[in-house]
Amino acid sequence: MQSALSIPQAPSDAEILESLNPAQREAVEALDGPVLVLAGAGTGKTRVLTTRLAHILLTGRASPFQIMAVTFTNKAAREMQERVARLTGQPTEGWFLGTFHSIAARILRKHAERVGLKSTFTILDADDQLRLIKQILEAENVDTKRTPPRMVLAIIERWKDRGLPPEKVPADEAAEQGRFLKFYRIYQDRLKTLNAVDFGDLLLHNLTLLQNHADLLQEYQHRFRYILVDEYQDTNVAQYLWLRLLMLNSDGSARNLCCVGDEDQSIYGWRGAEIGNILRFERDFPGAKIVRLEENYRSTGHILGAASGLIARNSSRLGKTLWTTSEEGAPLRVQSLWDGESEARFVGDEIESLQRKGTGLSQIAVLVRAGFQTREFEERFLSIGLPYRVIGGPRFYERQEIRDAVAYLRVISVPEDDLAFERIINLPKRGVGTASLQLIHQRARQDSVPLTEALRRILGEGGFTPKLRTTLQGFLMHYDRWRARLPDMPHTELTELVLEESSYTAMWQNEKTPDAAGRLENLKELINAMAEFDTLQGFLEHVSLVMEAHKDTGTEQASLMTLHAAKGLEFDVVFLPGWEEEIFPSRRTLEENGVKGLEEERRLAYVGLTRARKRIIISHAANRLVHGSWTHAIPSRFVAELPEKHVDVQAEPGMFASHHPEFRPSRHAEFATADFHHPPRPQITVEGYARVVERKSEHRFRKGERVFHQKFGYGTVALTDGDKLEIEFDHSGAKKVMAGFVVPADKASEAS
DNA sequence: AGATGTACCATTTTT
DNA sequence: TGGTACATCT
């Protein structure tokens, strides 16, 4: 069958291989036995993986259905599918190319009954999981203040990530196990009765299938002759065990597993990714060949040098030496600023100036450590009218209106879907409160029937108050009609009908909030997306695994996102603001995970740096409004870790003005702002930073003392706590300030 | 059942 | 500071 797309003539095997560099070629051609491709940033690892897949097919070593190619995100899966289709000239439908979860789900559907599920099982998302756990905790009379559902969910997920029954958790977690094992068991029981699985279960059940059923293990070991894994450094233990089962023979020899990854880009440890998997590859898969891709095609020499110098400080790595033949480019610029506001202004101004010089906005990105940091930039960009987009907000499927609509469809297609029923029974408001819902729940438990049936029975016996009774009877009538239409009506039309008749659309139309219109748009978009599926079942099956919003606004926009969201992307110019201790590296990570955490943060810095093709502008602010109070911030240790020869440090005039003799800025630094052609360049070296950072005030301030601050002016000390002062400023109100940043009022002239 | 008030808290996030 | 989850009022 020809695909609708016109696919150019497939290039010959030789042609594909020719365009690769020697290392890439080696990785593509090493077809027998396990291979680990250690690929640095910007070395063309995805290219290698897809070419390898095409090579296997074109040399006739395996048919498409004997290959499994796994990625972590749907986006990566789609890209791989497109490339493979292009290289082989065949559409990839039905192939085992996809995310870990989508492939696991597909296999599980086939053998669901072996783990006590029906093949129509639903996949719960985080929202459903949380609601379920909350119900369980409440039923068990647990104080949800002290034991929040989120925490219980996090622990359950951690156990599942490890791919072991929770009974076997390490001894040092025994206390946790004692406290939560009970909830885990109830949760799993509930999932079973709901005929549902969570994301972790998709893999866990697959492990059970292969471990407990020799025939299936044999079947799949035989079936998958080649497995290719992208971003191997992000695999968790469950995924690792699954790959092992499929690719390790009973005699301990390993088959054709090819993993591509970069240990220096492992930034998902906090959600279960086990960097040890990639570090241990050689031991896990005997006879493994390691191929290093070290020629970088993305960045300039300075950028690569800075990134390499930084990451070299990590100890948990296999080590790669990236090199490039591209030019040196400009050194990294490190800019010190007074506060968050001036940082945002600085970034905005720089972007505008880049734009004037011809850099397209789509080639500029601002990467921050945490989501809340985007706000400052958004405000600034809005006020200067700079087009921007924030990447990584709530995704399409996670939006409230989409989840609501999907819940309607879920109950209609599967009346047993209690979670979906609960979501929509009072949406739009039908006057069903906690009390009425409780009543339905009670009846359902008592008769062991789903909530829809319980509702029907109560209504049949004349339950509920008269008013509620009428509305619910109306609802049930609609519901039965929708269900009756299910077989014959096209699912897109049915969806429109349901949204209309349930008054769900009317609910948003009557809402006057500014985003209501957007929500209605999204609902239309949902119906468009549904059109791509043949049946409602088909759509629902995929929705929890692959739904994404397609966002293609025609205008050029600068990108604003977290460092995590930036992985895999590249831009000409990258801004890295907020390089301050406590923010980046994040204080919490350091507190919770010590050196391991620090190394992951450093990898995050490395990911950020290696996103840039041509220029990097790092900045940090000395003062920041955090949670409503002013906090003093010192430059990130990562700034000092960048090799000096690759950076160019600049500070805002007056930045280090202080009564401390060592850091009194030279006069020209203070006054040079006026000189447009020779920007100020205070003589502060990177080493100098460390000392700036450690600078302490030699003056002990006292309550009631008059002080002067560079930005806030004169004030009176209200509270002292070691080096931290709370000052009541004459004009700017109360602020928390580090002692090093104020001087006694009588010395103010000397400092400024 | 819905509106209003208040205490509390505050990374990263895919599937 | 700003959002949210829960308690209390109407």
Side-chain angles (χ1 to χ4, degrees), chain A residues 70-77 98-105 123-130 134 138 143-145 148-150 153-154 157 160-161 197-204 231 234-236 238-239 266-273 340 367-376 379 391-395 397-398 426 429-437 465 467-468 471 542-548 561-568 578 582-593 597 600-601 603-605 607-608 624-631 733-736:
Chain A
V70 209
T71 61
F72 276 83
T73 62
N74 288 307
K75 193 172 156 231
T99 60
F100 268 101
H101 291 90
S102 68
I103 294 178
I123 300 164
L124 298 194
D125 56 34
D127 230 66
D128 287 334
Q129 288 179 301
L130 220 53
K134 208 175 147 198
E138 272 160 15
D143 176 8
T144 47
K145 270 252 161 56
R150 275 189 184 288
L153 178 60
E157 282 186 334
K160 290 190 173 184
D161 283 341
V197 299
D198 61 22
F199 283 106
D201 281 341
L202 289 172
L203 275 145
L204 226 46
E231 308 282 15
D234 288 338
T235 48
N236 63 30
Q239 290 157 342
S266 167
I267 55 174
Y268 286 112
W270 50 271
R271 69 174 198 213
L367 311 182
V368 294
R369 171 68 241 266
F372 68 83
Q373 292 173 271
T374 59
R375 221 184 72 199
E376 239 164 3
E379 278 166 10
I391 295 182
R395 282 159 319 131
Y397 176 67
E398 270 148 27
N426 197 30
K429 303 260 152 59
R430 296 190 178 90
V432 182
T434 33
S436 324
L437 192 61
T465 52
K467 204 172 143 211
L468 186 59
T471 17
H542 284 259
V543 79
S544 51
L545 286 172
V546 297
M547 260 315 254
E548 270 173 274
M561 69 189 103
T562 64
L563 287 159
H564 284 92
K567 197 173 152 199
E582 316 250 302
I583 289 178
F584 188 43
S586 136
R587 196 192 80 224
R588 256 180 88 169
T589 301
L590 260 45
E591 277 170 4
E592 283 166 18
N593 304 311
E600 185 154 312
E601 293 285 300
R603 290 193 288 270
L604 202 48
V607 166
R624 212 172 263 288
L625 198 54
V626 185
H627 312 320
S629 62
W630 281 94
T631 329
K735 315 260 183 227
K736 280 180 194 153

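Quick note on labels: first sequence line is chain A, next is B, and so on, each numbered from 1.
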Do side-chain atoms of [X] reach the backbone of [Y] as a donor and acceptor pair under 3.5 angstrom?
X      : Y      : value
A:E157 : A:G200 : no
A:N426 : A:G431 : yes
A:D201 : A:L204 : no

If I take atom [atom1] in residue [X] and atom [atom2] in nucleotide [N], what distance separates them, rounded to the nearest angstrom?
X      : N      : atom1 : atom2 : result
A:Q373 : B:dA10 : CD    : P     : 16 Å
A:N426 : B:dA1  : CG    : C1'   : 9 Å
A:I123 : B:dT15 : CD1   : P     : 13 Å
A:R588 : B:dA10 : CZ    : C1'   : 8 Å
A:L625 : C:dG2  : CG    : C1'   : 11 Å
A:F199 : B:dT15 : CZ    : P     : 8 Å
A:Q239 : B:dT14 : CD    : P     : 15 Å
A:R150 : C:dG3  : CZ    : C1'   : 13 Å

Any A:N74 side-chain N or O less than 4.0 Å from OP1/OP2 of B:dT15 | yes
For A:S102 and B:dT15, is the shortest distance between a side-chain N/O and OP1 or OP2 below 4.0 Å?
-> no
Below 4.0 angstrom, N of the basic side chain to O of the carboxylate: do A:E376 and A:R624 qualify?
-> yes
Under 5.5 Å between ring centres and under 30° between planes: true for A:Y268 and the base of B:dT13?
-> no
Donor/acceptor link under 3.5 angstrom from A:R271 side chain onto base of B:dT13 = no
For A:Q239 and A:V70, run side-chain contact (heavy atoms from CB on, under 4.5 Å): C-alpha distance rounded to whole Å, both residues' side-chain angles, the deciding distance at 0.1 Å, then the answer.
-> CA-CA 10 Å; A:Q239 290 157 342; A:V70 209; over 6 Å; no
Nucleotide of [options] approaching [X] most closely (side-chain heavy atoms):
X      : options               : value
A:S436 : B:dA1, B:dT12, B:dT15 : B:dA1
A:H564 : B:dG2, B:dT13, B:dT15 : B:dT13
A:T562 : B:dT14, B:dT12, C:dT1 : B:dT12
A:K134 : B:dT15, B:dA1, C:dC6  : C:dC6

Within the structure shown, what part of the strands sits under 4.0 Å from [X] by heavy-atom distance: base, sugar-phosphate, or nothing?
X      : result
A:E600 : nothing
A:R375 : sugar-phosphate
A:R369 : base
A:S586 : base
A:G371 : sugar-phosphate

Are A:L604 and A:H564 side-chain neighbours, meaning at least one heavy-atom pair lies under 4.5 Å?
-> yes
Nearest nucleotide by nearest heavy atom, which residue falls closer to the 5' end of DNA chain B, A:A435 or A:T99?
-> A:A435
Whichever of A:G431 and A:E157 has the more 5' nearest nucleotide on DNA chain B, that residue is A:G431
